[in-house]
Peer 1: 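A single structure is presented below for examination.
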Amino acid sequence: MLDLLIHNAALPDGRQNMSVAVQAGRIVEVSEGLMAPAAEVVDAGGLLLSTPFVDAHFHMDATLSLGLPRLNQSGTLLEGIALWGELKPHLTFDALVDRALAYCDWAVANGLLAIRSHVDTSDPSMLAVEALLAVKKKVAPYIDLQLVAFPQDGVLRSKGGVDNLKKALSLGVDVVGGIPHFERTMADGAASVKLLCELAAEQGKLVDMHCDESDDPLSRHVETLAYEANRLGLHGRVTGSHLTSMHSMDNYYVSKLLPLMAEAQLSVVSNPLINITLQGRHDTYPKRRGMTRVPEIMAAGMTVAFGQDCCMDPWYSMGSGDMLEVASMGLHVAQMTSQSAMQQCFDAVTKNPARILHLQGYGLEAGCNANLVLLQAQNPVEALRLKATRLKVWRRGVLVAQTPPRTAALSLAGRPPQTSFLHTK
Ligand code: FE2
């Protein structure tokens, strides 16, 4: 007998009336109309059953710290970094863990079951690193948390930056991070990229750098990142996060850059909520959107994810761990409004970030982990439109969160007694 059978589900690829059979935490069969004895049988009612959401870019050491010790007045990236610097001396292990765990509760409720979080390695005490390593262990039963050693103050710019980052890696942090545009000069930025990619190659680590998070069209560290990935044979192992300067770059230069990035099989994480609010702050009108060239990077064959980046922290007062909100913002800002482009936006918060994290066992086929989300929507486009309610969330076949359907009762003469906002043809 099966542990769980979910039937009458729509899948993200458009298949209808599908059944997913689960045994011992894994999917054992996905087929149309399958009915079999199971300890628990769930009728999906024709609604969308998806693999979980994945966030490829987050800062769990800063999350839910909004207002500590004060609010960001200018709304800029640089004031956010300064504000984080003011908060750091007051951080405690327990407070960091408590806030991260509270955020993870929201994540699970939203069907977000894998997160790549950067963790600031600038503090030689490794307080934030130790706290997030403890969180990683604690949430492992329900969230795959991957940590990136992130030298927020610049690996070359800050005293002891390289040693601190290496220390974080030796403690068990998974991925090598960087922030070349925050180093003091373009040359230092390029040197930091080279150094960090060499370190990753030596240690067999993945790379994910904050790269060119700027409106400056001449911030071209992504070129060095792709070059180093090629040189060191790190194909498919290097991610450029943000890449906002690409929004402002000269088109001719980009026509040369994209093939270099594609050759390196660079992955890209765009963070639409944050890019649309932090970038363009020096502009009057027109104000640049400051999001990287997502459709063009996808068309060049690279894997692109939308990340959340921030939730109630020195950089961003909003957010709730809702990756459909993130993807919806990306869709709007990039004008990805065709049916296929909207589907790509859904992929950008599900299977694309899973690929970027090198997540094992992610997928909707036999043999994959039974990590599943039932959404109150009929297809991915409707899920994006409604920021659909996560009716049920399963981890390894076990129900870990559920939310009642969103339904409004109506009292209108001659109209139905309720609506759930679903589109019925
Ligand atoms: Fe970030």
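Remember, it's a predicted structure, so these values are computed and weren't measured experimentally. In listed order, ligands and their atoms are each counted from 1. The first residue of the sequence shown is numbered 1, and numbering continues consecutively from there. Hydrogens, waters and symmetry mates are skipped; everything else that's a heavy atom, side chains included, is used.
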Peer 1: Just do the side chain to side chain donor-acceptor pair (under 3.5 Å) check on N275 and H247 with the steps written out, would you?
Peer 2: CA-CA 10 Å; N275 301 154; H247 187 93; over 6 Å; no
Peer 1: Which donor-acceptor pairs under 3.5 Å do side chains of residues 109-118 form with protein atoms, sequence neighbours excluded?
Peer 2:
unit_1	atom_1	unit_2	atom_2	d
N110	ND2	S320	O	2.9
N110	ND2	G321	O	3.4
R116	NE	Q146	OE1	2.6
R116	NH1	D208	OD2	2.8
R116	NH2	Q146	OE1	3.0
R116	NH2	I356	O	3.2
S117	OG	F58	O	3.4
S117	OG	M60	N	2.8
H118	NE2	H57	ND1	3.4

Peer 1: Quick test of your reading: applying side-chain hydrogen bond (donor to acceptor under 3.5 Å, both in side chains), list the pairs with at least one residue in residues 290-301, sequence neighbours left out, ordered by first then second residue.
Peer 2: N251-R293
Peer 1: Kindly indicate whether the side chain of L195, heavy atoms from C-beta on, has any atom under 4.5 Å from the side chain of V155.
Peer 2: yes
Peer 1: In the shown structure, where waters are left out, how many protein N, O or S atoms lie under 2.8 Å from the Fe ion (ligand 1)?
Peer 2: 4
Peer 1: Can we call the ring centroids of F182 and H210 under 6.0 Å apart?
Peer 2: no
Peer 1: Residues two or more places apart in sequence or in another chain: which of them pass salt bridge (Lys or Arg N to Asp or Glu O under 4.0 Å) with E79?
Peer 2: R70
